[in-house]
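Notes follow once the structure below has been shown.
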Amino acid sequence: MGKGGDTRIRAGKIWMDGELVPQEEARVSVLAHALHYGTSVFEGIRAYETDEGPAIFRLEEHVERLFHSAKILRLEIPYSPEEISQAIVETVRVNGWKSCYIRPLAWFGATSLGVNPLPNNPAEVMIATWEWGAYLGEDAVRKGAKLVTSSWRRFPGDVMPGKAKAGGNYVNSALAKMDALAAGADEALLLDKEGFVAEGSGENLFYVKNGVIYAIEHSVNLPGITRDSVIEIAEDLGHTVEEAYRVTREILFTADEVFMTGTAAEVTPVSMIDNRPIGSGSAGELTMKLRREYLAAVTGNKPEYRKWLTLVK
Ligand code: PPE
């Protein structure tokens with residue numbers, strides 16, 4: 001899934017409403033409500049290689065967020081959270097991945113069209129898995145990602161539900177991301193209507209100033225599970241972490257370090273925002289320490305964070 005080259009997804013067997021089917025056979029109707037109106041909810045989860053085989057990181061929290069997203073959209077998932085969790089484990093196991101990205105998706109199907117999705121309850125559900133490397137490329141992970149402020153603003157909570165991981169929300173993210181790439185950057189920085197920093201197209205944001213770690217919070221942001229994990233890890237390492245509200249761009253320009261978190265992005269340093277180098281203009285020291293600790297936690301190399309892992313075997 002990098003830039004250029006063969007970008008086809010190889011998902012092996014996909015779980016479709018209770019059955020594991022080859023990718024080519026995992027099909028939906030062109031009349032699916034979600035395809036027309038973006039009325040789907042999804043999750044992004046990762047499984048990592050550990051000394052006890054693949055382990056899924058914070059499965060319970062991701063499945064809980066999937067159900068919260070569905071509730072916000074009045075979408076009925078016709079399975080229990082336990083059933084979805086089991087199906088996720090089974091899909092990873094059957095495909096034999098050592099590590100992979102996991103994408104559960106629930107959507108309003110094709111019973112009827114017209115804006116009202118409710119005749120299409122209950123939801124159709126699928127779980128796909130594939131190998132996915134560094135989200136913003138290997139260079140970004142080593143040297144830091146380049147961000148540009150997007151001309152697309154993050155939508156307020158009375159326009160779209162940012163706390164739901166809903167398909168339609170990602171039109172906003174996709175527009176911002178495409179423009180950022182066209183401008184030669186790696187990722188978009190999205191501001192709210194008042195100009196306060198919200199998040200990236202698919203990541204939460206942090207900055208470091210005078211040794212204190214600030215976790216940017218905004219009512220429109222997705223409550224990141226990576227963000228939550230990194231806060232706990234940083235505090236366990238003895239660092240002070242504060243939630244920062246109403247952060248403006250110049251606070252980031254003058255920060256010592258900036259980094260992004262997300263399931264796909266993991267912990268990715270930011271070296272440049274709007275053509276201004278952040279700190280030294282390379283990956284921040286504390287950022288890289290947190291990245292190492294996070295990667296150690298997700299791969300089972302930190303006993304205190306084994307509580308976050310669900311073994312696949
Ligand atoms: N904000 C947004 C808008 C977002 O999409 C993500 C995850 C996050 C914050 C971080 O959340 P968490 O993964 O729980 O730490 N973005 C997912 C989708 C990426 C994609 O391109 O698709 C992800 O990282 O899986």
Side-chain angles (χ1 to χ4, degrees), residues 1-3 7 9 11 38 40-48 56-69 72 88 99-105 126-137 140-141 145 147 150 152-157 159-178 180-181 186-192 197-206 215-234 243 259-268 270 290-291 294-295 297-298 308:
M1 301 275 293
K3 288 174 198 166
T7 57
I9 301 166
S40 62
V41 299
F42 67 99
E43 266 306 315
I45 313 173
R46 274 190 192 267
Y48 290 90
I56 301 170
F57 187 64
R58 303 198 73 172
L59 177 60
E60 201 182 313
E61 290 85 346
H62 280 285
V63 170
E64 185 182 41
R65 192 172 64 187
L66 180 71
F67 278 80
H68 284 164
S69 298
I72 292 168
I88 288 170
S99 61
C100 65
Y101 186 79
I102 304 161
R103 170 57 53 82
L105 177 76
M126 77 91 198
I127 300 157
T129 56
W130 65 89
E131 289 178 311
W132 199 353
Y135 186 53
L136 298 169
V141 166
L147 267 51
S150 184
W152 300 97
R153 298 301 180 103
R154 195 72 181 159
F155 41 78
V159 173
M160 294 288 270
K163 300 279 178 218
K165 209 166 165 58
N169 288 356
Y170 284 81
V171 174
N172 178 248
S173 285
L175 289 167
K177 180 81 181 196
M178 288 188 285
L181 294 176
D186 302 302
E187 185 52 283
L189 172 67
L190 285 138
L191 309 179
D192 70 9
V197 174
E199 56 186 344
S201 74
E203 308 91 351
N204 293 120
L205 281 155
F206 287 72
I216 296 179
E217 179 55 304
H218 197 300
S219 58
V220 303
N221 288 353
L222 190 73
I225 293 165
T226 317
R227 177 184 187 275
D228 179 74
S229 310
V230 167
I231 290 172
E232 188 168 328
I233 289 169
E243 298 219 304
F259 63 92
M260 295 182 292
T261 62
T263 297
E266 299 167 319
V267 178
T268 299
V270 172
L290 292 172
R291 177 178 167 79
Y294 176 76
L295 293 177
V298 297
W308 287 334

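Counting convention: from 1, in listed order, for ligands and their atoms alike. These values consider heavy atoms only, across backbone and side chains, with no hydrogens, waters or symmetry-generated copies. Residues: numbered from 1 along the sequence shown.
- Counting protein heavy atoms only, atom 20 (C) of ligand 1 is closest to Tyr135 OH, 3.3 Å.
- Taking the six-membered ring where the residue is Trp, Trp132 and Trp130 present tilted rings, their angle falling between 30° and 60°.
- Proximity of Lys163 to Pro223: side-chain heavy atoms (C-beta onward) are separated by under 4.5 Å at one or more points.
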Passes salt bridge (charged side-chain N to carboxylate O under 4.0 Å, His left out), Glu43 versus Arg103? Steps please. CA-CA 6 Å; Glu43 266 306 315; Arg103 170 57 53 82; over 6 Å; no
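- Looking at Leu205 and Leu189, their side chains come closer than 4.5 Å, going by heavy atoms from C-beta outward.
- Across the listed options Ala264, Gly44, Ala198, Ala264 owns the non-hydrogen atom lying nearest to atom 24 (O) of ligand 1.
- Residue Gly224 has at least one heavy-atom neighbour below 4.0 Å for each of these atoms of ligand 1: 11 (O), 12 (P), 14 (O), 15 (O).
- In this structure, the ring of Tyr294 has its center less than 6.0 angstrom from the ring center of Phe57.
- Here atom 6 (C) of ligand 1 lies nearest to Gly202 when heavy atoms of Gly202, Ser229, Ser201 are compared.
- For ligand 1, the polar-atom distance check against Thr261 finds no nitrogen or oxygen pair separated by under 3.5 Å.
- Here CG of Leu59 is found 5.5 Å from CD1 of Ile45. Values are rounded to the nearest 0.5 Å.
- With hydrogens left out, the protein atom closest to atom 5 (O) of ligand 1 is Tyr170 OH, 2.5 Å, a heavy atom.
- Residue, atom and distance of the protein heavy atom nearest to atom 17 (C) of ligand 1 are Lys165 NZ, 3.1 Å.
- Residue Arg154 places no N or O, backbone or side chain, under 3.5 Å from any N or O of ligand 1.
- Ser219 contributes atom OG, which lies 11.0 Å from atom CZ of Arg154 (distance to the nearest 0.5 angstrom).
- Looking at ligand 1, you'll find an N or O of Arg103 within less than 3.5 Å of one of its N or O atoms.
- Not a single heavy atom of Arg46 sits under 4.0 Å from any atom of ligand 1.
- The shortest N/O to N/O separation between Ile225 and ligand 1 falls below 3.5 Å.
- Annotation: the span from Cys100 atom SG to Ile56 atom CD1 amounts to 7.0 Å, rounded to 0.5 Å.
- In Trp308, the CH2 atom is crowded: over 12 heavy atoms of neighbouring residues, nucleotides or ligands sit closer than 6.0 Å.
- Atom 13 (O) of ligand 1 has Thr263 OG1, 2.6 Å as its closest protein atom, hydrogens excluded (heavy atom only).
- Atoms of ligand 1 found under 4.0 Å from any heavy atom of Asn204, numbered from 1 in the order shown, are 9 (C), 10 (C).
- Residue, atom and distance of the protein heavy atom nearest to atom 1 (N) of ligand 1 are Glu199 OE1, 2.7 Å.
- Of all protein heavy atoms, the one lying nearest to atom 15 (O) of ligand 1 is Thr226 OG1, 2.6 Å.
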I would like to know whether Phe206 and Val230 meet side-chain contact (heavy atoms from CB on, under 4.5 Å); could you show each step before the answer? CA-CA 10 Å; Phe206 287 72; Val230 167; 4.2 Å; yes
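- Taking every heavy atom of Tyr101 and a limit of under 4.0 angstrom, the matching atoms of ligand 1 come to 17 (C), 18 (C), 23 (C), 25 (O).
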